[in-house]
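Below: the structure, in structure tokens.
Values below: every heavy atom of this structure, side chains too, minus hydrogens, waters and symmetry copies.
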Amino acid sequence: MIFLKTDDEIELLRQSNLLVGKTLAEVAKLIKPGVTTKQLDKVAEEFIRDHGAIPTFKGFPNPYGSPFPGTLCTSVNDQVVHGIPNDIPLKEGDIISVDCGTYMNGFCGDSAYTFCVGEVAPEILALLKTTKEALYKGIDNAVHGKRLGDIGYAIQQYCETRSYGVVREFVGHGIGKQMHEEPQVPNYGKRGTGTLLKKGMCIAIEPMITQGNRQIVMEDDNWTIRTRDRKWAAHFEHTVAVGLDRADILSSFEFIEQVLGDKAI
């Protein structure tokens, strides 16, 4: 069932999502060669709890194995999503996709950003920029009266015409009192098809785009998803409320990009 949110509920969702953006900005301050993703995870959990919220990813159930052990999903290089924080230091030239979720005042926040570790290769930077731009192409279609297929089509066309792969097995989702609500929000599709979008629908749009083909595999930890061909992947995500004339972006990259300055994607 799809739950339409009231204006008051959307404001509560906004608070949770802005906290995600601020948490990712705290993480952004630390990302450099030599830092481990477990260190990033510790900072994020403390920041979320200090602001009266709960990290929703920690302990999240897994149909394939153990619950998720971290606050952040930290996916490095060829890892697409759901990377588990660990003690391996980041290296110059790496990229890291950081996905974060919060629960506060009865509502969830969810957003992701892919960061550069130092200087990255131009072709990798192009992948990141395309993925971020594709996210906003999708958001432009999160408007009352359009359909879910319009969002997916916009993302798919933008990326595939640039010879990137669009992951099919993992998609965006509705969000509200639960982290994952209906409907699913694919990053591919046909215009004019799928669920009708209505004002008050709140969804997380999150293109997961690969440098090579779109095939993926799951690692032995039963969480981490990586590309089959070992080429790199990027992931950007916003939570938005469907509006009459345009989407209302409830999460924010502003705090992150204030930290990154001219290094922002």
Side-chain angles (χ1 to χ4, degrees), residues 1-5 10 13 17 75 80-82 97 99 110-114 123-176 179-216 225-229 231-253 265:
M1 179 181 291
I2 296 173
F3 299 100
L4 300 182
K5 278 69 176 182
I10 288 172
L13 269 164
N17 278 282
S75 306
V80 182
V81 284
H82 303 162
S97 299
D99 194 355
D110 192 10
S111 184
Y113 197 95
T114 302
E123 63 270 21
I124 300 301
L125 190 59
L127 168 68
L128 269 58
K129 287 183 175 179
T130 297
T131 305
K132 186 182 177 189
E133 289 163 0
L135 168 62
Y136 288 101
K137 297 291 183 183
I139 290 171
D140 285 345
N141 285 274
V143 178
H144 182 88
K146 290 204 170 192
R147 293 186 177 271
L148 276 177
D150 296 317
I151 295 174
Y153 176 85
I155 294 170
Q156 181 182 7
Q157 286 297 109
Y158 193 76
C159 295
E160 289 185 347
T161 56
R162 289 159 176 76
S163 299
Y164 295 116
V166 179
V167 171
R168 302 290 200 276
E169 293 85 353
F170 293 87
V171 298
H173 51 88
I175 186 168
M179 175 63 67
H180 296 131
E181 298 183 353
E182 291 297 325
Q184 291 192 341
V185 185
N187 297 304
Y188 59 93
K190 295 181 179 180
R191 286 183 291 191
T193 66
T195 301
L196 183 67
L197 300 176
K198 297 181 180 180
K199 183 180 183 299
M201 286 177 64
C202 293
I203 55 177
I205 302 174
E206 48 178 322
M208 289 155 269
I209 307 302
T210 63
Q211 186 186 15
N213 68 55
R214 64 180 179 83
Q215 303 302 319
I216 58 171
I225 303 300
R226 66 164 175 84
T227 59
R228 183 179 294 276
D229 61 12
K231 293 188 176 180
W232 290 11
H235 177 205
F236 287 84
E237 176 183 17
H238 269 316
T239 292
V240 307
V242 173
L244 289 178
D245 301 310
R246 62 181 179 85
D248 182 3
I249 302 176
L250 305 180
S251 48
S252 176
F253 293 157
I265 302 302

- Item | Chi angles and distances behind the side chain to side chain contact (heavy atoms under 4.5 Å, CB included) call for His235, Val80 | CA-CA 7 Å; His235 177 205; Val80 182; 5.9 Å; no
- Item | Partner set under ring-ring contact (aromatic ring centres under 6.0 Å, His included) for Tyr158, not counting sequence neighbours | none
- May I ask you to test the Cys159-Thr130 pair for a side-chain heavy-atom distance under 4.5 Å? yes
- Query: Just by modelled atom types, is the His180 backbone N or O under 3.5 Å from a matching donor or acceptor in the His173 side chain?
  - Reply: no
- Are any side-chain N or O atoms of Ser111 and backbone N or O atoms of Glu237, one a donor and one an acceptor, separated by less than 3.5 Å? yes
- Those residues that, when tested against Phe236, pass ring-ring contact (aromatic ring centres under 6.0 Å, His included) (two or more places apart): Tyr113
- Task: Determine whether Leu148 and Asn141 make a side-chain contact, defined as any pair of heavy atoms from C-beta on separated by less than 4.5 Å.
- Result: no
- Task: May I ask you to decide whether Glu133 forms a salt bridge with Arg162, counting only side-chain N to carboxylate O separations under 4.0 Å?
- Result: no
- Query: Taking side chain as C-beta onward, heavy atoms only, is Ile175 less than 4.5 Å from Glu181?
  - Reply: no
- Asn17 side chain to Asp110 backbone, donor-acceptor under 3.5 Å: yes
- Message: If you apply the rule side chain to side chain contact (heavy atoms under 4.5 Å, CB included), what do you find for Gln156 with Arg168, and how did you get there?
- Response: CA-CA 10 Å; Gln156 181 182 7; Arg168 302 290 200 276; 3.5 Å; yes
- For residues Leu127 and Thr114, determine if any side-chain heavy atom of one lies less than 4.5 Å from a side-chain heavy atom of the other. no
- What heavy-atom pair brings Gly212 and Asp229 nearest, and what distance separates the two atoms? CA-OD2, 3.6 Å
- Message: Ignoring hydrogens, what is the shortest heavy-atom contact between Ala204 and Val185? Give both atom names and the distance.
- Response: O-CB, 4.1 Å
- Considering all heavy atoms, the nearest Leu197-Val143 contact: CB-O, 3.6 Å
Between side-chain atoms of residues 186-195 and protein atoms elsewhere (two or more places apart, or another chain), which donor-acceptor pairs fall under 3.5 Å?
{"residue": "Asn187", "atom": "ND2", "partner": "Glu206", "partner atom": "O", "Å": "3.1"}
{"residue": "Thr193", "atom": "OG1", "partner": "Lys190", "partner atom": "O", "Å": "2.7"}

- Output yes when a side-chain donor or acceptor of Asp150 lies under 3.5 Å from a complementary backbone atom of Arg147, and no otherwise. yes
